Amino acid sequence: MKKSIVLLPGDGIGPEVTRAAAAVLRECAHEFSHQFEMHEFPIGGAAIDATGTPLPAETLDACRKADAVFLGAVGGAKWDSLPVGKRPESGLLELRKGLGLYVNVRPVKVLEPLRGISPLKPERLGDLDIEIVRELAGGMYFGERGSVTEKGEERAWDTESYSTREIERIATFAFSRAEARSRRLCSVDKANVLSSSQLWRRTVTAMSTVYRYVKLEHMYVDNAAMQLTLKPTQFDVILSSNMFGDILSDAAAALVGSIGLVPSASFGSGAPLFEPIHGSAPQLVGKDAANPIGSILSATMMLRDAFGLSLEAEWVEQSLLRVLGGGYRTPDIAEAGQRAVGGSVFTELLREEMLRSLEHAERYGWGV
Ligand code: NAD
Ligand code: IPM
Ligand code: MN
């Protein structure tokens with residue numbers, strides 16, 4: 001299989017975790033005789049420094065032509081004083097918009113060897129395996145905003161707005177996802193306060209007659225945040241607006257032990273985008289302390305969901321579980337008595353395990 005992949009390392013730990021994902025993709029290409037052409041382009045703060053803009057036209061162009069895009073992370077203190085619209089984060093938002101990506105899927109799943117690092121008691125954590133389907137191209141992120149100074153006082157605003165069509169297209173994805181899983185969908189909103197949420201709830205409710213086999217539930221976002229912490233296994237697929245999904249997904253990540261573990265995939269009209277959900281973690285830069293797992297699992301989402309290469313994805317994920325099973329941990333997930341290693345060493349251990357298991361599979365067959 002021949003695919004062209006654009007890599008957008010970005011800022012902070014972005015380049016480190018992108019290297020991990022690229023190493024895994026390269027290994028897949030090599031061992032399974034695929035051709036993955038990978039090209040790097042600047043985005044975020046790195047792009048501001050190099051070109052004066054967080055999403056250079058050349059970067060967006062390359063992404064538009066690619067089969068898939070991988071992003072590390074953007075942002076950092078150096079660019080924090082820039083106004084909204086000119087910041088590194090705006091580059092990512094423009095990219096999502098530019099590629100027409102309105103779906104963002106964030107799977108939050110407990111990895112068996114990491115059960116012990118959850119802040120939840122084992123009986124509450126259960127076999128946590130949920131998917132947050134986050135609307136990605138609308139809402140407050142892209143609504144009208146502005147600021148004025150009145151009588152010497154500044155006022156600024158951002159607006160949350162959704163159209164029926166925008167809600168329907170993301171809900172269609174969430175319903176289908178729920179149909180393919182345990183047929184439970186929880187739509188999160190704030191319909192007791194926001195009129196955009198009232199439209200959201202009405203629209204999703206109307207669609208449930210089409211998806212008759214999906215059990216639809218609605219929950220206010222404040223309660224959802226609490227229920228997620230109290231009893232997360234009550235959820236299967238969670239559907240949310242752009243803003244609520246951003247917040248709930250970081251909260252959900254904490255349940256499995258680290259934000260460094262959670263991947264994401266975004267879909268829409270253009271090339272799909274894969275990125276870990278964490279940020280540029282400036283305090284970890286240069287320490288080789290970033291957990292590459294969210295990034296690696298974003299790469300396996302690319303293999304499976306963009307290229308249909310489920311055997312390759314499975315190979316990486318099973319190897320990853322064995323490395324964790326061997327007690328290797330990056331600092332964020334290290335427990336007493338385990339082998340703390342840096343992110344780059346962890347990735348190298350994974351690569352070695354992948355090769356070892358492939359040799360084993362070639363000799364004795366897959367599934368042994
Ligand atoms: P963050 O996700 O960078 O960090 C939050 C916490 O999680 C920190 O304690 C950090 O050390 C830890 N962490 C994050 N990734 C980790 C990893 N891979 N391994 C181990 N620990 C990890 O969020 P923040 O501190 O709120 O934001 C920092 C910068 O990142 C800001 O500029 C923000 O705008 C940006 N940001 C970017 C993205 C993105 O590019 N997708 C996402 C979120 C935040
Ligand atoms: C995320 C991030 C981004 C978002 C920022 C960096 C624009 O927090 O992907 O979760 O809010 O979508
Ligand atoms: Mn976020």
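Only a predicted model underlies this, so the values are computations on that prediction, with no experimental measurement involved. Each ligand, and each atom within it, is numbered from 1 in the order the structure gives.
For atom 11 (O) of ligand 2, the closest non-hydrogen atom of the protein is Tyr141 OH, 2.5 Å. The nearest heavy-atom contact from the protein to atom 6 (C) of ligand 2 is Glu89 CG, 3.7 Å. Counting protein heavy atoms only, atom 39 (C) of ligand 1 is closest to His278 O, 3.7 Å. Atom 36 (N) of ligand 1 has Gly279 CA, 3.4 Å as its closest protein atom, hydrogens excluded (heavy atom only). The shortest contact between atom 7 (C) of ligand 2 and any protein heavy atom is with Leu93 CD2, 3.8 Å.
A cation-pi geometry, defined here as NZ or CZ lying under 6.0 Å from the six-membered ring centre and within 45° of its normal, does not hold between Arg134 and Phe244. Judged by the 6.0 Å and 45° rule, Arg339 forms a cation-pi pair with Tyr328.
In this structure the side chain of Val204 reaches within 4.5 angstrom of the side chain of Leu239, judged on heavy atoms. Residues Leu297 and Val262 have side chains not in contact (no heavy-atom distance under 4.5 Å, counting atoms from C-beta outward). For the pair Pro272 and Asp305, the minimum side-chain heavy-atom distance is 4.5 Å or more.
Ligand 1 lies out of reach of Gly294, whose nearest heavy atom is not under 4.0 Å from it. Residue Met243 places no heavy atom under 4.0 Å from ligand 2. The closest approach between a heavy atom of Gly10 and any atom of ligand 1 is not below 4.0 Å.
Close contacts of ligand 1 with Pro282, meaning ligand atoms under 4.0 Å from a residue heavy atom, involve 28 (C). For ligand 1, the atoms sitting less than 4.0 Å from at least one non-hydrogen atom of Ala73 are 40 (O), numbered in the order shown with element in parentheses. Taking a cut-off of under 4.0 Å to the non-hydrogen atoms of Leu92, the atoms of ligand 1 that pass are 39 (C), 40 (O), 41 (N). Ligand-side atoms of ligand 1 in range of Gly75: 32 (O), range being under 4.0 angstrom from any heavy atom. Near Gln283, with a cut-off below 4.0 Å to any heavy atom, the atoms of ligand 1 are 8 (C), 9 (O), 10 (C), 11 (O). Close approach of ligand 1 to Ile259 (heavy-atom distance below 4.0 Å) involves ligand atoms 7 (O), 13 (N), 14 (C), 15 (N). Of all atoms in ligand 1, listed by their number and element, those nearer than 4.0 Å to a heavy atom of Asp332 are 19 (N), 20 (C). In the vicinity of Glu275, heavy-atom distances shorter than 4.0 Å reach the ligand 1 atoms 41 (N).
Side-chain atoms of Trp157 and Ser147 form no donor-acceptor pair, as typed in the model, at a separation below 3.5 Å. In this model, a donor atom of one side chain and an acceptor atom of the other lie less than 3.5 Å apart for Asp49 and Trp79. Checked by atom type, the side-chain pair Asp332/Ser258 shows a donor-acceptor distance below 3.5 Å. Asp246 and Tyr141 form a side-chain donor-acceptor contact under 3.5 Å, judged by distance and modelled atom types alone.
Residue Arg96 touches ligand 2 through its side chain alone, judged by heavy-atom distances below 4.0 Å. Of all the heavy atoms of Arg87, none lies under 4.0 Å from any atom of ligand 2, so neither backbone nor side chain is involved. Contacts between Ile13 and ligand 1 below 4.0 angstrom, taking non-hydrogen atoms only, involve the side chain exclusively. At a heavy-atom distance under 4.0 Å, only side-chain atoms of Leu284, from C-beta outward, approach ligand 1. Proximity of Arg106 to ligand 2, defined as any heavy-atom pair under 4.0 Å, is confined to the side chain (atoms from C-beta onward).
Not a single protein heavy atom sits closer than 4.0 Å to atom 24 (P) of ligand 1. Distance screen at 4.0 Å: atom 28 (C) of ligand 1 has a protein heavy-atom neighbour inside the cut-off. Counting only heavy atoms, the protein never gets under 4.0 Å from atom 5 (C) of ligand 1.
Looking at Ala281 next to ligand 1, an N or O pair under 3.5 Å apart turns up. Taking distance alone, with nitrogen or oxygen atoms compared against 3.5 Å, Ala289 stays at or beyond that limit from ligand 1. For ligand 1, the polar-atom distance check finds an N/O of Asn291 within less than 3.5 Å of one of the ligand's N/O atoms. Considering backbone and side-chain atoms alike, Asp246 places an N or O below 3.5 Å from some N or O of ligand 2. On a distance-only criterion, Gly260 and ligand 1 share no N/O pair closer than 3.5 Å. Checking only distances, Asn242 never comes within under 3.5 Å of ligand 2, N or O to N or O. Considering backbone and side-chain atoms alike, Asp80 places every N or O at 3.5 Å or more from each N or O of ligand 1. Polar contact with ligand 1: present for Glu89 (N/O pair, distance under 3.5 Å).
Scanning Gly72, Gly44, Ser280 for the heavy atom closest to atom 30 (O) of ligand 1 points to Ser280. The closest heavy-atom contact to atom 35 (C) of ligand 1, among the options Val74, Val285, Ile43, comes from Val74.
Among the atoms of Asp250, no N, O or S atom falls under 2.8 Å of the Mn ion (ligand 3).
Nearest heavy-atom pair, Glu166 versus Tyr162, reported as atom, atom and distance to 0.1 Å: OE1-CA, 3.4 Å. Shown here for Glu312 and Cys28, the closest heavy-atom pair between the two residues is CB-SG, 4.1 Å. Nearest heavy atom pair, residue Ala224 against residue Met219, reads CA-SD, 3.5 Å. Contact between Gly76 and Ser280 at its shortest, heavy atoms only, is N-OG, 4.2 Å.
With salt bridges taken as basic N to acidic carboxylate O contacts below 4.0 Å, none links Lys97 and Glu94. In this structure, Asp127 pairs ionically with Arg115, as a charged nitrogen and a carboxylate oxygen lie closer than 4.0 Å.
When each of Asp288, Thr347, Asn291 is paired with Thr330, the side-chain hydrogen bond (donor to acceptor under 3.5 Å, both in side chains) condition holds for Asn291 and for no other. Screening Leu273, Leu25, Leu7, Leu8 for a side-chain contact (heavy atoms from CB on, under 4.5 Å) involving Phe70 leaves a single residue, Leu7.
Shortest distance from the Mn ion (ligand 3) to Asp246 is reached at OD1 (N/O/S atoms only).
Judged purely by atom type and a 3.5 angstrom limit, Glu217 has no side-chain atom pairing as donor or acceptor with the backbone of Cys186. Thr53 contributes no side-chain N or O that, together with a main-chain N or O of Ile48, makes up a donor-acceptor pair within less than 3.5 Å.
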| query | Stepwise, does the ring-ring contact (aromatic ring centres under 6.0 Å, His included) test hold for Tyr102 with Phe173? | reply | CA-CA 10 Å; Tyr102 60 89; Phe173 184 93; 8.0 Å; no
